[in-house]
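Okay, so here's the structure we're looking at.
Here is the naming used below: chain letters follow the sequence lines, and residue numbers restart at 1 for every chain.
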2 protein chains.
Amino acid sequence: MGGMNRRRITSKELAKLAGVSSATISRAFSPDSRIGSATRDRILAVAREHGYQPNAIARSLNNQRSRLVALVVNAIGNPCEAEEQQLLVHRLQARQLLPIILCCADHSDRLQLMRLASTYQVDHVVVFSDMVSMQDAVDIFHTTKPIIVSFEPLDNENVSSIRIDGSGAADEIIDKIVRDGKKRFAYLSGTNSSWIDKLRRKWFADALAKRGLSFEAQAFGDYSYDSGFKEAVLLLHRNKVDAIICGNDVMAIGARDAARRVIGKNTPDDIAIVGQDGIAMAAWDCNDLTTLSLDHVAFIDAVVELIERHDAEIEGPHSITLTCTARWGSTA
Amino acid sequence: MGGMNRRRITSKELAKLAGVSSATISRAFSPDSRIGSATRDRILAVAREHGYQPNAIARSLNNQRSRLVALVVNAIGNPCEAEEQQLLVHRLQARQLLPIILCCADHSDRLQLMRLASTYQVDHVVVFSDMVSMQDAVDIFHTTKPIIVSFEPLDNENVSSIRIDGSGAADEIIDKIVRDGKKRFAYLSGTNSSWIDKLRRKWFADALAKRGLSFEAQAFGDYSYDSGFKEAVLLLHRNKVDAIICGNDVMAIGARDAARRVIGKNTPDDIAIVGQDGIAMAAWDCNDLTTLSLDHVAFIDAVVELIERHDAEIEGPHSITLTCTARWGSTA
DNA sequence: TGCATTTGTGCACACGATTACACAAACGTT
DNA sequence: AACGTTTGTGTAATCGTGTGCACAAATGCA
């Protein structure tokens, strides 16, 4: 590969080395382009020898297409989203698209962060986070061409969305718990401001209402194990509930630990505990959680389909609805 | 903000609107630039009105500085790295640097992926993954200017590294286990090809050797809960060991579950189980793992320091050594 | 052979910003 | 008032590719 620390060479320099013009270099790297195959082979050989690769930044400027995708997420470590993030990143990489992560957790200024990403002319935006208002995202990205993929249904021509319906699975789960004789339900929210949290809560509230019941108590955590633990202790002490529906799986595990260790109640006999998301960890032997689960692969398939629609310049927003299923464990 | 679906405007168009030249537009957005403050204020007002922001792609081309950072990771969901990834992303965002994730898991072609990222002229590369040979990374990125931050010490002027020393903590942990009367040790590796796995194993092997002991058995997993569970079953059936040192915390949890549920042995009395990484989940009440732990904040501080050295054009590679500590739980 | 068509290559400009240089206006000094 | 310095702005080149256009060479067809 020649000397170690050499500057990356440009198409013009390579052109000189190969005895052609820089336009021909460009064509050699463009698969469907009028160019002699002998010339192309020679150029590619010289390019390899000198470690030349076209500069994607310059190409993006010219193309008006960056092949960058902004992923707006709450956090990276959080298992709730992590499995989906992982899947999506793989699918993007297979399409030669590079993901830029925008992480909304903590106190970073989310709007400024999105504005920064938008200056990089990302081709697509996928919003996983429920901490950012979809309207803000539209305002910031609407000048670039990306369509935004999001859970939140928003009536806007630039937003494609994925709707999630867990009402059926919630009904099944409530049915089982009620038949097991539980009567006093509590809901442990992830965040009180999030619309997705309200949606999830509504699935279960409706299922209860159908049976003449309702949530006797409601607590607010932050999707973390610690908050699940802490809030469950309070719920069990103060409200004496015998069933806790949690906003995600991690809090459910925290709640289960709290019930067992602090209060001395075990699932599913003394108390029923339900998670949401269906993360891999929920199925671990030590957890074995009953959870309202979303098919991660189907979800990411849907995201990719929306992205491809957009890439193919199919106009207008599109919406896909996915249905959750109940995954049974020993906690309810 | 005016019409909804308008194309993003350019500095030249904004210049016409504000009655100045495009050079002046650029200066208005460059904090330390010779420009009248009245002009700047007027331009910024017009810019806000029309939703103008400088195009980062064009700026990068001119600057030779993209403000993009490539993060080479094994996987996103994997808790081992996730906490560090999360911390690093925040620190980068605070510096107006955008992270591009390169995910090496599964069967994607890691080299091609790194080549793709290198065409985006990333300013820095941080290699978390132990699935990629550092020499490959250097070969691919050496033409761009980034210094690579990595665990693996490599004698190359373009690589800064962070060395991790867990020998002291491993010694403490082995000491405790041996004094508890355990005699038959097994090591459960993450991957058999990884140099970092060999390093970790050596810390414990040395501590054993100091006491005239050695590993009676060795198994190979893939850092996942399932592999920890499965390999532990085999180890306990075939080799009858009474202490398992695991390559990471997640496998340790799997091994603990296997011992308890399949074999009927409990920690720490029947068997000692040790993890590595010190992830938050290890401290959860239901896990309470004894683990060889790395201070994640200190680690990311070190990464950021190396990045800043590089940004400040301080020449040459640099190396920082961090020391691990033992974190005690009820599994050993 | 003569002419129409295809193939392969170079020239020159565009993409959207930054910046060295030039220069006019405003300012300070004696 | 004369002159040197600072300040603010415009002009034009540059970053590295992609591509429409022009044109020469090669090919096909009668």
For atom [atom1] of [X] and atom [atom2] of [N], their distance in whole Å:
X	N	atom1	atom2	value
B:Ile57	C:dA14	CD1	C1'	16 Å
A:Arg42	C:dG8	CZ	P	14 Å
B:Lys16	D:dT9	NZ	P	19 Å
B:Arg65	D:dG16	CZ	P	16 Å
A:Leu14	C:dG10	CG	P	12 Å
B:Asp41	D:dG8	CG	P	12 Å
A:Leu17	D:dG16	CG	P	15 Å
A:Asp32	C:dG8	CG	P	14 Å

Decide, yes or no, whether a salt bridge links A:Arg115 with A:Asp109 under the criterion of side-chain N to carboxylate O below 4.0 Å.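 Looking at A:Arg115 and A:Asp109, the cut-off is not met.
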Please enumerate all residues that pass side chain to side chain contact (heavy atoms under 4.5 Å, CB included) together with [X], with sequence neighbours excluded.
X	answer
A:Glu83	A:Ile279, A:Ala280, A:His296
B:Ser26	none
A:Arg59	A:Pro54, A:Asn63
B:Asn55	A:Gln121, B:Ile57, B:Ala58

Below the 4.0 Å mark, does D:dG16 have OP1 or OP2 next to a side-chain nitrogen or oxygen of B:Gln64?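 B:Gln64 to D:dG16 OP1/OP2: side-chain N or O found under 4.0 Å.
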Can you tell if the side chain of B:Leu294 reaches within under 4.5 Å of the side chain of B:Leu322, non-hydrogen atoms only? yes
Along nucleotides 18-27 of chain C, 5' to 3', which nucleotides get a B, which get an S, and which get a -, given that the test is a protein heavy-atom distance under 4.0 Å? BB--------
Give me each pair satisfying ring-ring contact (aromatic ring centres under 6.0 Å, His included) with a member in residues 52-75 of chain A, each pair once, sequence neighbours excluded. A:Phe29-A:Tyr52
Check every strand shown and say whether B:Thr39 touches a base, only sugar-phosphate, or nothing at a heavy-atom separation below 4.0 Å. sugar-phosphate
Hey, does A:Leu61 reach any base, or is it just sugar-phosphate, or nothing, if we go heavy atoms under 4.0 Å? base
Pairs under 3.5 angstrom, nitrogen or oxygen only, protein versus nucleotides 24-26 of chain D, please.
none

Go through the structure and list residues passing salt bridge (Lys or Arg N to Asp or Glu O under 4.0 Å) with A:Arg95, not counting sequence neighbours. A:Glu308
Side chain to side chain donor-acceptor pair (under 3.5 Å) partners for B:Thr10, two or more places apart: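 B:Thr10 satisfies side chain to side chain donor-acceptor pair (under 3.5 Å) with B:Glu13 only.
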